[in-house]
Amino acid sequence: MKALRYLLKNPVSLFGVLLLLAFVLIAIFAPLLAPPQEFQMSVYDTPRAGFLATPQPPSAEAIFGTTEGQYDIYYGVIWGTRTAFKIGLGVVSISLLIGTIIGAVAAFYGGLLDEFLMRVVDVFMAVPFFIAAMMLVALMGKGVIPVFIALTTFGWMPYARVIRSEILRLREMDYIHAARAYGASDIRLIVLHILPNAIFPVLVLATMATGSMVLTASALSFLGVGAEEGYADWGQFIAYSRNWIIGQSGNPFQYWYTLAFPGAAIFLFVLSWNLVGDALRDMLDPRHQAH
């Protein structure tokens with residue numbers, strides 16, 4: 001009820017939640033909205049209407065038009081929603097788990113273990129995230145799984161630092177000392193008493209990072225080191241529009257549809273997660289609640 005009251009008072013946050021809900025529904029009902037064809041080896045293989053190099057405008061057969069190579073933009077946008085959720089939620093969930101474990105262990109035990117783990121975090125954070133992810137994907141080869149692995153490998157460190165700072169603050173509080181005096185084990189202290197009170201800032205960070213991970217994955221596909229050719233991925237479809245963005249002489253917007261639809265999908269998806277993250281922060285932060 002508190003969340004509903006907050007959303008009703010904040011139309012921008014409500015818009016973000018409804019927008020994200022719309023993407024969820026598109027992902028769930030993708031087989032109905034864009035039915036796969038029988039000859040497809042995978043539902044993520046975008047159907048194509050031939051091999052003509054020039055994109056074709058929206059029509060009854062392809063309501064969003066086709067890219068170069070005649071890939072159906074509508075199908076790619078619809079099924080690309082599932083790809084976005086798989087990458088965004090999958091990468092962030094695993095990164096959050098890894099970062100939380102490392103940050104919690106480092107903060108709770110301190111000493112040399114804390115020093116060692118935080119230096120590992122510093123080493124990873126010293127590497128430019130996008131360049132490191134691009135190099136790792138290039139080494140492993142194209143595909144969603146290599147993108148997933150690369151983004152996870154270089155995406156867990158912020159969670160470790162945030163959870164560490166929260167636990168360093170909480171571990172000296174009276175209720176933790178009381179639980180320890182009653183004989184609570186280290187694992188029980190961390191899992192039942194510390195993490196539930198330290199996890200909220202990390203959840204806000206994870207929510208906002210979900211859209212960023214999808215944006216990064218799209219950039220990798222745009223550069224040619226992401227999803228395989230023809231895979232339903234928004235970044236892949238932006239790459240197909242690369243040679244047609246400026247249109248032709250006298251008609252610069254002739255091929256607008258090749259960029260507009262996948263570009264709008266990426267923009268709205270990232271925007272929805274950022275707005276939801278802002279709403280979550282405001283609801284969980286006592287300083288915002290006080291106002």
Give me the atom names and distance for the closest heavy-atom approach of [X] to [Y].
| X | Y | answer |
| --- | --- | --- |
| Leu275 | Val12 | CD2-CG1, 3.6 Å |
| Ala232 | Gly76 | CB-O, 4.1 Å |
| Asp114 | Ala107 | OD1-N, 4.5 Å |
| Ala133 | Leu151 | CB-CD2, 4.1 Å |
| Glu166 | Asn197 | OE1-O, 4.5 Å |
| Ile73 | Phe237 | CA-CE2, 3.8 Å |

Could you check whether Arg161 pairs with Asp122 (Lys NZ or Arg NE/NH1/NH2 to Asp/Glu carboxylate O, under 4.0 Å)?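 Salt bridge between Arg161 and Asp122, a charged N being under 4.0 Å from a carboxylate O: yes.
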
Nearest 0.5 Å, what's the [atom1]-[atom2] distance between [X] and [Y]?
| X | Y | atom1 | atom2 | result |
| --- | --- | --- | --- | --- |
| Ile187 | Leu192 | CD1 | CG | 10.5 Å |
| Phe253 | Ile246 | CZ | CD1 | 11.5 Å |
| Arg281 | Leu203 | CZ | CG | 14.5 Å |
| Leu205 | Ser95 | CG | OG | 10.5 Å |
| Thr81 | Ile28 | OG1 | CD1 | 11.5 Å |
| Leu117 | Leu113 | CG | CG | 4.5 Å |

Taking [Y] as the starting point, is it possible to reach [X] by hopping between hydrophobic residues whose side chains are less than 4.5 Å apart?
| X | Y | value |
| --- | --- | --- |
| Met157 | Val123 | no |
| Val162 | Tyr109 | yes |
| Met173 | Val191 | no |
| Leu112 | Met118 | no |
| Phe85 | Tyr75 | yes |

Aromatic ring proximity, centroids under 6.0 angstrom, Phe124 and Trp156: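 Here the rings of Phe124 and Trp156 have centres that are less than 6.0 Å from each other.
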
Report yes if the distance between the aromatic ring centroids of Phe129 and Phe154 is under 6.0 Å, otherwise no.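 Ring centroids of Phe129 and Phe154 are no less than 6.0 Å from each other.
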
Under 3.5 Å: donor-acceptor pair, side chain of [X], backbone of [Y]:
| X | Y | answer |
| --- | --- | --- |
| Arg164 | Ala106 | no |
| Thr66 | Ala62 | no |
| Thr100 | Leu97 | no |
| Ser185 | Arg188 | yes |
| Trp234 | Val77 | yes |
| Ser221 | Ala227 | yes |
| Arg48 | Gln70 | no |

Verify side-chain hydrogen bond (donor to acceptor under 3.5 Å, both in side chains) between Thr83 and Asp233, making sure each step is shown before the conclusion. CA-CA 6 Å; Thr83 303; Asp233 172 69; 5.4 Å; no

Decide yes or no on side chain to side chain contact (heavy atoms under 4.5 Å, CB included) for Ile149 and Thr153, but give the supporting numbers first. CA-CA 6 Å; Ile149 293 173; Thr153 301; 3.9 Å; yes

Is there a side-chain contact between [X] and [Y] (heavy atoms, below 4.5 Å)?
| X | Y | value |
| --- | --- | --- |
| Lys142 | Val225 | no |
| Pro55 | Thr258 | yes |
| Phe269 | Leu19 | no |
| Pro57 | Tyr257 | yes |
| Phe108 | Leu195 | no |
| Val214 | Ile266 | no |
| Trp79 | Pro31 | yes |
| Met213 | Trp273 | no |

Cationic tip of Lys86 above Tyr44 ring, under 6.0 Å, 45° of axis: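 Relative to the ring axis of Tyr44, which defines the angle, Lys86 lies inside both limits.
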
Could you check whether Arg242 makes a cation-pi contact with Phe222, meaning its NZ or CZ is under 6.0 Å from the centre of the six-membered ring and within 45° of the ring axis?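 The answer is yes, since Arg242 meets both limits relative to Phe222.
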
For Asp45, all residues meeting salt bridge (charged side-chain N to carboxylate O under 4.0 Å, His left out), sequence neighbours excluded: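 Applying salt bridge (charged side-chain N to carboxylate O under 4.0 Å, His left out) to Asp45 gives none.
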
Name all residues meeting the ring pair (Phe, Tyr, Trp, His ring centres under 6.0 Å) criterion together with Phe64; count only those two or more places apart in sequence or in a different chain, and write none if there are none.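 Phe64 satisfies ring pair (Phe, Tyr, Trp, His ring centres under 6.0 Å) with Tyr74, Phe261 once adjacent residues are dropped.
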
Between Asn243 and Tyr255, is the side chain to side chain contact (heavy atoms under 4.5 Å, CB included) condition met? List the steps. CA-CA 10 Å; Asn243 298 324; Tyr255 303 108; over 6 Å; no

Could you check whether atom [atom1] of [X] has more than 12 heavy atoms from other residues, nucleotides or ligands sitting under 6.0 Å from it?
| X | atom1 | answer |
| --- | --- | --- |
| Phe29 | CZ | no |
| Ile245 | CD1 | yes |
| Leu139 | CG | yes |

Start with the C-alpha gap between Ile98 and Thr152, add the side-chain angles, then the distance that decides, and say whether side chain to side chain contact (heavy atoms under 4.5 Å, CB included) holds. CA-CA 9 Å; Ile98 295 172; Thr152 304; 4.2 Å; yes

According to salt bridge (Lys or Arg N to Asp or Glu O under 4.0 Å), does anything in residues 50-74 pair up with another residue at least two apart or in another chain? List the pairs.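 For residues 50-74, and leaving out neighbouring residues, there are no salt bridge (Lys or Arg N to Asp or Glu O under 4.0 Å) pairs at all.
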
